[in-house]
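Chain naming here is simple, since letters A, B, ... match the order of the sequence lines and numbering starts at 1 in each.
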Amino acid sequence: MKKLLVALLVCAGAANAQTLRIGMAAQDVGRLDPHFAVSTIDRVAVAWMFNGLVRFPPGSIDPAKIEPDLAERWDSSADGKSWTFYLRRGVQFHGGFGELTADDVVFSLRRAATAASSAFSADFRAFETIEAVDPHTVRIVLRENVPSLLGIVTNYSGGYIVSRRAATERGDGFARAPIGTGPFALERVTPNASAELVAHAQYFRGAPQIARISYRFIPSDASRDLAFQNRELDINYGRADQTWVTRNRALPGVTVDVFEPGELTILNLDTTRPPFNDFRIRQAVAHAVNRAEMVRWRGADVSREGQSLVPRGYLGFTADNGLLPFDLARARALLAEAGHAGGITIRVVHTQLPEMLSGMQVIQQQLRRAGITLDLQVVEHATFHQQIRQNLSPLVYYAAARFPVADIYLSQFFHGRSRVGTPTAVTNFSHCDMADRQIDAARVSTNPAEQLRLWAEAQNLLVRAVCGVPVIETLLVFARRNNVDYGYPLTGAMSLGPLITEATRITP
Amino acid sequence: MISFVTRRLLASIPTLLAVLTLVFIIVRIVPGDPAMVILGDQATPEAAAALRARLGLDVPIWTQYFRFISAALTGDFGASMVTSRPILEEVAAVLPHTVDLTLAAMLVGVVVGVPVGIWAALHRNGVIDVAARLLSLIGLSFPVFVSGIFLLLAFALHWRIFPVIGSAELNDIPDRLYKLVLPALTLGLVMAAYITRVTRSAMLASLSEDYIRTARAKGVPWRRVVWVHGLRNASLPIVTVVGLYVGILIGNSVLTEIVFNRPGLGKVIVGALNQRDYTMLQGLMVIYCFIIVVVNLITDLLYGVLDPRVKQA
């Protein structure tokens with residue numbers, strides 16, 4: 001019996017020789033239509049199947065290094081409002097959907113810019129026209145300047161190019177039968193089990209070295225880790241937790257990659273309602289947060305202190321912003337000044353998502369030391385998102401990573417137009433609008449130095465007004481077997497997971 | 001028999017309608033906006049409104065209800081809000097895995113639970129009885145996510161006999177059976193613990209009846225007394241519990257599916273709830289309810305086979 005079982009295992013191993021097996025902490029994929037791919041599990045897979053006009057070099061998230069992808073070159077007018085992209089010839093879509101043309105690009109960008117067919121339509125607000133000049137040339141005309149046009153048409157969010165014919169023919173079915181130009185094509189999805197991808201032999205950068213990817217959805221951390229230890233997975237999604245990193249680094253033949261973008265956690269304080277309409281109470285919260293302790297708790301290898309209301313490394317970030325230091329005595333004094341010498345209790349809605357809940361519990365203990373009691377109303381995650389957008393929580397613990405330019409973070413979280421509860425709401429939970437002028441001016445400025453100055457000024461205004469308290473930045477963590485060579489040094493991935501390219505290989 | 005089955009199936013229609021209505025109401029009462037879940041946290045209200053219209057959530061709730069009921073009555077449960085795939089297709093992709101696990105766990109539960117229960121009853125208050133009761137108590141007390149992890153540590157990591165990832169291709173029967181062993185043991189041993197206790201009690205009651213004493217006095221062999229006279233009369237509560245437990249097994253299988261990374265109905269239900277996939281939840285609940293109705297019907301039919309008095313009644 002045991003011999004038979006061993007034989008079965010050997011057969012299974014042989015069949016997997018050219019298959020890269022990746023374990024992901026999720027129940028299932030959602031929509032693999034790139035213009036609706038919003039969750040981490042969807043974004044990671046979409047990046048293997050699609051290209052943008054331009055791309056971040058694999059392993060990097062530096063906007064200054066953006067390079068050609070489907071477009072082999074581009075130029076722009078002197079005022080930065082007209083951009084022309086010249087497409088590569090001979091790029092083939094998956095599944096025999098033919099050669100990429102300007103029509104596909106125009107269709108894709110218009111689709112991404114339309115609210116009914118995209119989750120990223122807001123990114124295209126400044127687009128006036130997108131048109132095909134000829135079968136291999138596309139022109140984009142902007143209504144107003146944007147901080148990074150290339151950032152919008154890169155291999156990220158709404159920038160992915162889909163096959164016009166496939167998207168039109170398949171309609172809603174495109175979400176689970178997507179057609180792109182990337183190194184891997186979707187073969188099938190087994191609900192709640194895996195997505196199977198096959199190499200796109202006609203990929204324009206050359207046929208991938210790996211034949212297949214088996215993308216497995218394993219929500220239980222314990223089971224996923226056991227499967228990785230048991231060599232049933234080649235790459236494993238990791239928790240941003242020092243214990244996990246240390247334990248996995250100790251495993252023989254395993255490398256743990258910790259990479260950007262860092263997800264910045266901010267305590268957003270609603271400045272329009274009690275108790276945070278009192279500046280002194282906002283200051284008390286800011287003084288009570290001990291960022292160094294948060295980093296010790298999460299782990300020095302996977303996190304760093306938040307220094308501003310924009311994550312570190314983003315274009316326009318400044319640490320010179322007047323951030324209040326940890327000072328418990330000052331926090332208590334401010335609270336007493338505000339008439340709460342005996343302490344204050346604040347009812348806060350929070351999610352039951354374990355990673356966010358544990359972080360909030362540490363904050364809860366830190367604030368308690370200053371006399372601020374957070375009465376946590378823990379709700380299911382979708383409920384949390386709904387309730388914080390209904391202004392039901394004066395303090396919102398929120399963690400996010402965005403395109404690495406200050407404008408996106410500032411516009412979504414701290415611009416008056418993005419205030420929750422308004423028709424143009426995004427995620428401005430603090431209701432602050434004192435930096436709107438600087439944010440708007442920086443967005444359309446064509447002078448990089450002026451842009452940086454305005455973003456720094458905006459951060460100064462918002463930090464000094466304590467619209468939010470930056471807490472911690474948490475990096476992405478994946479473990480891999482040493483025989484997996486990504487083909488590039490992994491320091492960052494806007495798709496929030498390792499990019500599997502034509503150069504990625506499994507060595508014997 | 002046919003008229004009995006037909007009557008029972010017809011009687012289940014009001015139950016199914018009630019379930020349809022309840023599920024429709026409950027999924028909409030739960031806070032959380034499906035459009036926001038699908039679009040993510042950067043979505044604008046404009047994009048959310050456009051998606052709600054596309055999903056048919058912008059019309060009055062009564063219109064949504066009548067659309068749903070009239071489609072369901074024709075067997076059309078629509079498409080998932082998240083994946084856009086027909087719900088019946090989504091269910092068909094995972095149902096065989098759930099059926100595999102449920103039947104295998106039931107087999108483990110009955111094959112282990114019934115003999116151990118009988119054995120314990122025959123050695124009432126003896127060492128065997130105490131041991132059986134203690135083991136069944138342990139079985140009932142261990143949640144499957146703990147016992148499952150223990151089994152994985154032992155049989156997957158230490159002895160490397162079984163894999164950690166328990167999902168298999170449907171057309172690969174040997175692989176399917178191989179990967180079913182640990183999940184079936186995990187779920188089945190809990191059921192076995194329960195069946196052991198029920199069997200023991202039923203057998204003790206049965207063995208103290210007058211007809212058992214009469215059979216023994218007439219010189220009927222003890223083995224025959226136990227298996228024919230004792231067990232047959234004790235089997236009604238056992239069959240009832242097994243029937244009830246099948247519903248529990250399907251419901252409880254979600255943790256086993258998560259620990260062993262198997263696809264299945266339980267995981268789909270949890271996923272649909274997290275994603276506020278209204279149409280998927282509605283379809284799944286109807287299918288789940290239908291399965292329970294069929295299992296209860298089979299249980300009732302078995303009563304008639306085991307005890308002719310039930311059939312006559």
Item to check | Check: Asn230(A) and Arg160(B) side chains under 4.5 Å, non-hydrogen atoms | outcome: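 Side-chain contact under 4.5 Å: yes.
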I'd like to verify something: which residue of [options] has the highest number of heavy-atom pairs under 4.5 Å with chain B?
options                                    : result
Pro191(A), Ala26(A), Ala175(A), Ser121(A)  : Pro191(A)
Ala122(A), Gly173(A), Pro423(A)            : Pro423(A)
Gln387(A), His385(A), Arg389(A), His381(A) : Arg389(A)

Please look at [X] and chain B and tell me whether the side chain, the backbone, both or neither of the residue comes under 4.5 angstrom of a heavy atom of that chain.
X         : value
Leu233(A) : side chain
Thr427(A) : side chain
Val189(A) : backbone
Gln412(A) : side chain
Phe217(A) : backbone
Ser418(A) : neither
Thr422(A) : backbone
Arg170(A) : neither

Item to check | From CA spacing to verdict: salt bridge (Lys or Arg N to Asp or Glu O under 4.0 Å), Asp172(A), Arg54(B) | outcome: CA-CA 10 Å; Asp172(A) 281 345; Arg54(B) 222 172 103 187; 2.6 Å; yes
Taking side chain as everything from C-beta outward and backbone as N, CA, C, O, which of these in [X] sits under 4.5 Å from a heavy atom of chain A? Side chain, backbone, both or neither.
X         : result
Val94(B)  : side chain
Ala93(B)  : side chain
Glu257(B) : neither
Asn274(B) : both

About how many Å separate [atom2] of [Y] and [atom1] of [X], when rounded to the nearest 0.5 Å?
X         : Y         : atom1 : atom2 : answer
Thr83(B)  : Arg176(A) : OG1   : CZ    : 5.0 Å
Arg402(A) : Gln42(B)  : CZ    : CD    : 3.5 Å
Arg216(A) : Ile165(B) : CZ    : CD1   : 4.5 Å
Ser117(A) : Leu51(B)  : OG    : CG    : 10.5 Å
Asn192(A) : Asn261(B) : CG    : CG    : 11.0 Å
Thr190(A) : Glu169(B) : OG1   : CD    : 6.0 Å

Against chain A, work out which of [options] has the most heavy-atom pairs shorter than 4.5 Å and name it.
options                                 : result
Ser80(B), Ala49(B), Ser84(B)            : Ser84(B)
Pro45(B), Ala43(B), Ala47(B), Ala79(B)  : Pro45(B)
Ile38(B), Leu152(B), Thr44(B)           : Ile38(B)
Pro263(B), Pro31(B), Gly40(B), Ala50(B) : Pro31(B)

Item to check | side-chain contact (heavy atoms from CB on, under 4.5 Å) assessment of Gln27(A) paired with Lys267(B) | outcome: CA-CA 7 Å; Gln27(A) 190 101 337; Lys267(B) 259 169 94 174; 3.7 Å; yes
Next on the checklist: Go through it in stages, so that I can follow the logic: the residues are Gln229(A) and Leu157(B), the test is side-chain contact (heavy atoms from CB on, under 4.5 Å), and I'd like the CA-CA distance, side-chain angles, deciding distance and then a yes or no.
Outcome noted: CA-CA 8 Å; Gln229(A) 259 178 273; Leu157(B) 246 68; 3.8 Å; yes
Item to check | Donor-acceptor pair, side chain of Glu46(B) and main chain of Ala115(A), under 3.5 angstrom | outcome: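 Absent.
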Checklist entry - Any donor-acceptor pair under 3.5 Å linking the side chain of Arg31(A) with the backbone of Val82(B)? => result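 Yes; at least one donor-acceptor contact below 3.5 Å.
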Next on the checklist: Check this for me: does any side-chain nitrogen of one of Arg276(B) and Glu380(A) sit under 4.0 Å from a carboxylate oxygen of the other?
Outcome noted: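 Salt bridge flag = yes for Glu380(A) with Arg276(B).
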Checklist entry - Who in residues 218-228 of chain A is close to chain B, using a strict under-4.5 Å heavy-atom cut-off? => result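 Hits under 4.5 Å: Ile218(A), Pro219(A), Ser220(A), Ala222(A), Ser223(A), Leu226(A), Ala227(A).
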Checklist entry - Can you tell me if CZ on Arg231(A) sees more than 12 non-hydrogen neighbours from other groups inside 6.0 Å? => result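 Counting neighbours around CZ of Arg231(A), 12 or fewer heavy atoms of other residues, nucleotides or ligands fall under 6.0 Å, so no.
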Checklist entry - According to the ring pair (Phe, Tyr, Trp, His ring centres under 6.0 Å) rule, which pairs have a member within residues 36-73 of chain B, sequence neighbours left out? => result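 Those involving residues 36-73 of chain B are Phe24(B)-Tyr65(B), Phe24(B)-Phe68(B).
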Checklist entry - How far apart are the closest heavy atoms of Gly30(A) and Gln275(B), and which atoms are they? => result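 Closest heavy-atom pair between Gly30(A) and Gln275(B): CA-NE2, 4.4 Å.
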